Amino acid sequence: MTEPHTAARALPLQETFPAFYRREYPKMVAIAAAVSGNRAIAEDLAQDAMLRAHRHWNRISTYERPGAWVRRATINLSLSAAKRASAETRRLLRIAETPTLPEPDVADDRIWKAVAKLPGKQRAAIALHYLEDRPIDEIATILEVSNATARVHLHRGRQTLASALGSEEVSA
């Protein structure tokens with residue numbers, strides 16, 4: 001009598017962190033710049049998100065989409081940085097009694113300057129959709145919202161941009 005042959009299940013190969021970093025870091029810098037409104041700190045924000053991913057790589061590498069985790073971390077860090085910068089600017093303006101706010105430093109591009117003025121989740125949705133061609137379901141996953149809410153953020157961002165820039169410059 002022969003023993004039954006059992007097929008060994010192969011575990012999926014986990015990507016190394018250096019390979020993940022090389023692939024994702026440039027994308028995180030672009031997202032951080034668009035969401036934070038500050039190209040100068042985007043690399044630091046992306047680096048911080050990658051450092052967090054590295055610290056927890058044993059767990060994150062087992063996720064179906066580790067890139068979604070690092071995008072969420074990058075967006076959260078970028079939104080926090082934008083809030084801190086805004087609060088710091090308000091404090092400095094009160095001290096200096098200067099009535100105008102400086103323009104955001106995203107890029108020379110008129111569209112991205114307008115994007116920098118959008119609310120945080122709308123900025124994030126626009127950045128994920130237009131910089132990375134992410135579909136609504138992935139945007140929703142990264143932002144930790146429902147598909148409907150992700151569509152609303154993207155739609156409202158587009159509407160605001162169309163109004164600010166003229167509808168010929170913003171495509172759906």
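Quick caveat: nothing in here was measured; it's all calculated off a predicted structure.
- Contacts classified as ring-ring contact (aromatic ring centres under 6.0 Å, His included) and involving residues 141-163 (residues at least two apart or in different chains) are not found.
- Within the model, atoms OG1 of Thr141 and CZ of Arg65 stand 4.5 Å from one another, a figure rounded to the nearest 0.5 Å.
- When the salt bridge (Lys or Arg N to Asp or Glu O under 4.0 Å) test is applied to Glu132, the partners found at least two apart in sequence or on another chain are Arg71, Arg134.
- Nearest heavy-atom pair, Ala116 versus Gly37, reported as atom, atom and distance to 0.1 Å: CB-CA, 4.1 Å.
- Here Leu77 sits in one hydrophobic cluster together with Ile41, Leu45; the rule is ILVMFWY side chains under 4.5 Å apart, joined directly or through other members.
- Apart from Val70 itself, the hydrophobic cluster it occupies contains Phe17, Phe20, Tyr21, Tyr25, Met28, Val29, Ile31, Val35, Met50, Trp57, Ile60, Tyr63, Trp69, Ile75, Leu79, Leu128, Ile139, Ile142, Leu143, Val145, where clustering links Ile, Leu, Val, Met, Phe, Trp and Tyr at side-chain heavy-atom distances under 4.5 Å.
- To the nearest 0.5 Å, atom NE2 of residue His129 and atom CZ of residue Arg158 are 4.5 Å apart.
- Other members of a hydrophobic cluster containing Val152 are absent, since no ILVMFWY side chain comes under 4.5 Å of it, directly or through relayed contacts.
- Judged as a side chain to side chain donor-acceptor pair (under 3.5 Å), and not counting sequence neighbours, Thr16 has no contacts.
- Evaluation of the salt bridge (charged side-chain N to carboxylate O under 4.0 Å, His left out) test over residues 27-37, restricted to residues two or more places apart or in two chains, returns none.
- Minimum interatomic distance between Leu131 and Ala34 (heavy atoms only, all atoms of both residues): CD1-CB, 4.0 Å.
- Remark: Ser80 engages no residue in a side chain to side chain donor-acceptor pair (under 3.5 Å) (not counting sequence neighbours).
- In this structure Arg72 satisfies the side chain to side chain donor-acceptor pair (under 3.5 Å) test together with Glu144, sequence neighbours excluded.
- Among pairs with a residue in residues 118-128, none fulfils salt bridge (charged side-chain N to carboxylate O under 4.0 Å, His left out), at least two apart in sequence or across chains.
- Residues that satisfy the side chain to side chain donor-acceptor pair (under 3.5 Å) test with Thr62, not counting sequence neighbours, are absent from this structure.
- Shortest non-hydrogen contact noted between Ser61 and Glu15 is CB-O, 4.5 Å.
- For residues 44-64, there are no salt bridge (charged side-chain N to carboxylate O under 4.0 Å, His left out) pairs, not counting sequence neighbours.
- In terms of heavy atoms, Ala32 sits closest to Ser78 at CA-OG, 3.3 Å.
- The shortest heavy-atom contact between Asn147 and Ile136 is O-CG2, 3.5 Å.
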